[in-house]
Amino acid sequence: LQSSSAWFSFQSCFFLFPPQVCDKGLFLSEQNICLPCNCKGHADYCEDITGICIVSNCRDHSAGDFCEMCEDGYTLTPSPDGHTCQPCPCPLSVPSNNFAVHCHKGGANLRCKCQQGYAGHLCERCAPGYYGNPMAIGDSCKRCDCNGNSDPNLIFNECHNVTGYCQHCWGNTAGANCERCAPGFYGDAISAKNCKECNCESGHCDMHTGECLAEAATDNLCSISCDECIWHLIGDLRLSNKTLDQLKVAVLNVSTGAAANDRLKYYNYTAHRLRIRQLEKKLVITDNRLPPVREILSRFSTKLTSTQGLLQKAASTVQETEDKNRASIIKVQRNEVISYESLWALPASLPPLPASLLSTHILFSVCHFIVKKIINFSSSIDGASQKLTEKMERLSLADRDLVQRAAEHAEELEGQANSLEEDLKESDANGFVQRAISAANVYNNIVKYINDANITSLTTLNLAERAEDVCYRMTVFMGDLNKLVPELLGKLKVVEEKKPVNNVTANIMRIRELIAQARSVAKKVQVSMKFNGQSSVEVHPRSNLEELKTVTSISLFMRVDPDEDPIEDRFILYLGDRSGKKDYIGLAIKNDNLVYVYNLGGEYVEIPVASKPVSQWPAVFNYIRVERLGRHGKVFLTIPSQTATDEQKFIQKGEAPGTDSLFDIDPNNLVFFVGGVPPDVKLPPPLSLAPFVGCIELASLNNEVISLYNFKKTHKMDVTTSLPCPRYKLAFSQSRIASYLFDGTGYALISNIERRGKFGVVTRFDIAVRTVANDGVLFLMVSGDNFFLLELKNGFLRLMYDFGFSDGPKLLENNLPKLQINDARYHEVSVIYHQSKKVILLVDKSHVKSMENPKTTLPFSDIYIGGAPSRILKSRPELAAVVGLKGCVKGFQFQKKDFNLLEEPGTIGISSGCPEESFMSRKAYFTGKGYLGSTAKISPFDNFEGGLNFRTLQPSGLLFYHNEGSDEFSISLENGVVVLNCRGTKVKSHKKQYSDGRTHFLVASVNNQKQDRDIEPEDFQRYTEKVQASLQDCPLQRPPAVLLSRQQDNSSIARHESQKSGLPLGLMELNDDQGPSLPNTEPCYQSPSPRATHQAFRYGGITNSRQHYKDLPDSFSERSHFSLSLKTHSSFGLIFYVSDAQEDNFMALFLAQGKLVYTFNVAEQRVRIKSEKKYNDNAWHNVVFIRDGSMGRLILDGHTVLEDRAHGINVSWHISSPLYIGGVPAGRAQKNIQRNSAHSFNGCLKNLQLDGRWLSPVSETYGVVPCFEGHSEAGAYFSEEGGYVVLEESFDQGQRFELSIEVRPRVASGVLLHVRTAEGYFTVHIHQGAVVVLVNDGKHEFSTKVSPRQGLCGGNWHNITVIRDANVVQLDVDSEVSHVVGSLNPSSTSAKMPVFIGGAPESITTTKTYVGCMRNLTINKSSVSLGKAALVSGAVSVGNCPAA
């Protein structure tokens, strides 16, 4: 895609065009030429443009961007074809004797990094504590095993380095492995380690029982009399060994390392050789005297030879046994259900079970407990129907004695739960047990908060009865939560409405948060369910159902057992309308084939995987993925290998008939059934089959993790008889890398982090992160007022911490390229705290930045990864804007110790794995001046099909453009109509305008002949040209001219006064032009104007915070003299900018790394003046910058004068208004200013003058407020100068709408929220100290209000919640509740319209704007960030507000 001067770009979000690629072994260069890949003959595919080889395709153990390196354990070897990768000869080149982690050549020498247990330059010997002969083919080093009975004074568990015989048995033990008591001692040397001396006259006893024996139980191997010389020789040997042992112990006691032990071995060897030489001399003398000894030795050698043969036979027998055992294990896995039942039936008197059967038994027991636990908490979320009316009738019968009985019962349940938790932890092999425990812990928290609510509610008898009933039922029905939680939420609502107790409201909000966490846990439980041919599960589909309409994908793991259940036609899953008469997607088994079925517009297609019949599937979990992109569908089948790492992969494609490309679904009637359906649900004919038999585990829906345990209902699912099938999580290659997926809602909590390592002189944290998100927390530590935060901000790493420093938090913030890590690649980030006074930041093992602070020990014990609970983030203003991480974490280490995040008890809402689809960018946002360009070869003129989603408010603009010479192909909007132009032939849409801000989907095709097309979604990350286009967020921003245009009120009941003033009905009481208003009912505690520096303004908070000035003097093109005062702590940011329309001529003042830079152009040259010192110390500094023709001068604080000029040039220089102060509109200045400074700076300016005169009045203001003095806190501030915010998203003002916000007003009247609906309006405002909600649905108008007893203007925060359900509106202000029931308009329709916060344009209303602070805005239970608003107009600060 690329821009064309014939069209102008516009705001839209779109995706989906098929790229063209070169043939195998070639790549597409920037010149659109296919060039050969340079992969050294080790790969067939490489990336376009860069030519980098696809690393996963590098063969022959090669690696690197061009397969020019070798994998670990291999080394480059020259060959006629270039190079090959051979196993490291460490010490031998055969695979069985390659013991190196990796190796490399330095000149002629080879250096090996040995595996644990090996030593030497070539890993040719065993390290201390190990034995074996690495130089012998097939041999390796094993750890010494002395049964814990070796000398504790030794550094290593010493044994003979070849034979492995233990040489220093301790505690009266003996034997090759110190496995028995020494002669003269008896007892248990291995377990009890209690070898005691025999108390026998003979000195000999039974080595096990201690029973005295007449003589030693030993064999006399020498029955002949020996020469006296031999006895002397033996004595000398004993004395030598004793001396050497003493010497070795002495040296080892002095030494502290392996080097001393090696030196000792050298001494041992030298002394031994000396002794041997002496003995050899004696043996020469006595050689003739030893024929009997030689005869004995000969017979002994013969016996050794025969023994060796026996050992070889034994080894062969052991190998055969292992093979049979392995085959038995496979057989057991295929028949695990039968094995499980038979295990329970075995009598206790039978001998011990084989290890494989025992592990199967334990696994099934674990699954049994898991399923019970998960079923309970999942049912608690969305279980049985709420019979509230019946329950409320029994409330008055509650007995206070129930509280005591409930407490006792809760203690008993807590003890049982703790015991169960410990049992589960011991057998948690795959992490899913811990997630179930996490969910249970969530509900324990719910009980706690219910008890808190109960205690507080005892202030009145009526409230106490309800709270006691809740507490009683919470504890008694803990085992049946599926009925309790919906009932609980309803009763909490009753308590909330009946009695205004602040603590109850706070607890209820906390309970709702905990239940949301439980939902997140349930959604990520990676455990299967077993279907028996009668059972079914209805699953919660994803929340954003709009995305399913264009693209739909479902992935799952499925297991069938052809030996146990013959393969028949069976239903697997269904996603579609409950009636079965509209569009749907399904999966089934038909004619022994896996079949993917989907219906679009009444016509369906079946795609069978005929190349792999289901009856030939192994009885293990197989991976299935189905995709639909418009009319095109694919089904993928992956079967894991049973013997190697290779997998079998199958793919089948299909295309739906007809022209419909959208999956037309009604969110209110959408159902998702797995395994079967209840009797009252009718499936479409292609899926009307027998229910499924086997095990299914859901994986994802549109790349979002989903689980069967996040169900709405189950039907005939008896987990006591249908136990889940265990799935080996590492069976598929994509799962073998340990990683964790964060979706922005969950987090990992590591409690008591020092249990694995202590804070020391050097304290280190390491985390590997992969993401494409702009913002997200990596890790956070909080303790009281102290905190330590490492996060991603605008794509760059940002570190902030405060350990109680007198000068406030320390901030490490920089836009260095090394700090930008949101590029969809893994980056290793390390934070080192050195000497308790210095923080060092490393990225990809490279030092980036350091920062010092007063010496302070780290005051933390817990650490949050990837996010944190809202209560933690609200504890400090600096943390209020922190958002959860969306991406993957491959590993987290503290002091180089790894943590399994899924096994940590505090972990909530994360899952294992890192799907590649999570990092594709399929959306783009355009500002009206940019484009995306691709060099992929396509030819849309002959045979082409492509599609895209778009939404915009502009009537005209270019969507897609391609040209080949003079031939052009384009798709565009012209006055709201879609136009396709192919070689001059135009096709236009009819009867509809598409510039309405809603999402529309179009498909364009050019067909000359029928051809099979491979349709793939586009990944914008791979596009080579990105000009003023964002791939992150996709807001819909109404241009100011359109936003401020007058909206006509076509209501048939509009009053004459409303038409005259342009006000919505009901808001006329707030109109300043309607004459004097009533006096305020209460004076405001805070002044409408907080204390601020005179004529000073604060910029920042949003990227494009700025002021516009016009009416520049005529002399400006020749010379100018600007002066201002500056106060900031920003390292980067724009302060001043002016240019012509094309930005060829410009002048700018900006911050770069805390230093001031003044620059302007003179023709093609640039004058650039940069200060030597930094000025971002948050103190006031006077700045003068002068331009006189080609000369520039920068004067700082009246004494530092810097000057520069362009030589030999005298050209005209002209600019045009406006002049920008504090920042520029989006996309401007990037041509002339470095990227990391082309945004608004964060700080204050005052005394702005041009040529000694004040500038003309400000013409436009965006996100600029007075420079307030004193402390600030998190929130948005609306200043009395006026302003408003337009949210980045439009919200559905349909049958149900919910708003929650906290406010601290400085005036008694003002608009909080205003929305124009399709028929009327919806507004929330304060008037004379009361909160008012006003609704007009086009035919009727109704309102309700609350005047809180505490007052709104007292300087405190107030919590406002508004819930509209059709014609019923409820208003809650600090737990004071009011509601109104209006007339119902049956013709009212849902519509998404812009939402105004704090005020609105004068064309919509001239009412008073709000003055004061706001925070924690949520709409329809979704948190709204004002910092990401589509428009911030006027004097509004979205980053912070003045403290009370």
Side-chain angles (χ1 to χ4, degrees), residues 1-7 9 14-60 62-69 80-83 823-825 916 919-922 924 926 930-948 958-971 981-984 1004-1009 1011-1029 1031:
L1 301 174
Q2 65 184 56
S3 182
S4 170
S5 59
W7 307 95
S9 302
F14 70 97
F15 63 95
L16 194 72
F17 278 99
Q20 300 293 324
V21 297
C22 296
D23 293 334
K24 178 179 178 182
L26 302 175
F27 75 99
L28 192 68
S29 70
E30 291 181 331
Q31 290 76 31
N32 293 330
I33 300 174
C34 289
L35 299 177
C37 297
N38 181 22
C39 299
K40 309 295 186 293
H42 298 294
D44 297 324
Y45 299 96
C46 55
E47 296 179 355
D48 287 344
I49 306 303
T50 64
I52 294 176
C53 305
I54 308 299
V55 177
S56 60
N57 289 335
C58 285
R59 300 184 299 268
D60 309 317
S62 60
D65 289 345
F66 300 97
C67 304
E68 76 280 10
M69 300 184 298
D81 298 329
H83 72 264
D823 56 1
R825 299 180 180 180
E916 198 66 30
F919 301 98
M920 295 180 66
S921 294
R922 298 179 179 176
F926 301 94
Y931 64 90
L932 286 173
S934 172
T935 57
K937 288 187 176 181
I938 62 172
S939 181
F941 301 108
D942 298 324
N943 193 29
F944 171 81
E945 180 174 343
L948 56 88
L958 184 64
L959 284 168
F960 175 80
Y961 178 81
H962 176 81
N963 73 300
E964 295 179 11
S966 60
D967 294 336
E968 292 185 343
F969 181 95
S970 65
I971 305 172
N981 177 19
C982 181
R983 289 174 172 166
S1005 61
V1006 178
N1007 294 322
N1008 290 337
Q1009 57 184 355
Q1011 184 176 351
D1012 182 29
R1013 304 185 185 94
D1014 191 9
I1015 305 296
E1016 294 287 349
E1018 288 287 85
D1019 181 7
F1020 290 145
Q1021 289 282 354
R1022 299 176 63 88
Y1023 275 44
T1024 55
E1025 294 184 72
K1026 300 182 182 69
V1027 178
Q1028 297 189 31
L1031 304 184

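It should be emphasised that the depicted structure is a prediction, and the values quoted were computed from it without experimental measurement.
- Residues meeting the side-chain contact (heavy atoms from CB on, under 4.5 Å) test with Asp60, sequence neighbours left out: His42.
- Of all the heavy atoms in Cys67 and Lys40, the pair that sits closest is O-CG, 4.1 Å.
- Nearest heavy atom pair, residue Arg59 against residue Gly41, reads NH2-O, 3.2 Å.
- Between the side chain of Glu68 and the backbone N or O of Phe66, at least one donor-acceptor pair lies under 3.5 Å.
- Not one N or O on the side chain of Arg983 forms a donor-acceptor pair closer than 3.5 Å with the backbone of Ser966.
- Residues Asp23 and Cys34 fail the side-chain proximity criterion, which asks for heavy atoms closer than 4.5 Å.
- Side chains of Cys46 and Ile52 form no contact here, defined as non-hydrogen atoms less than 4.5 Å apart.
- The two residues Cys22 and Phe27 have their closest heavy-atom pair at SG-C, 3.8 Å.
- Side-chain contact between Glu1018 and Tyr1023 is present, with at least one heavy-atom pair separated by less than 4.5 Å.
- Of all non-hydrogen atoms in Ser29 and Leu35, the two that sit nearest each other are CB-CD1, 3.8 Å.
- The minimum heavy-atom distance between Leu28 and Asp48, with the atom names listed, is N-OD1, 3.1 Å.
- Using the six-membered ring where Trp is involved, Phe941 and Phe969 have ring planes that are perpendicular, over 60° apart on the 30 and 60° scheme.
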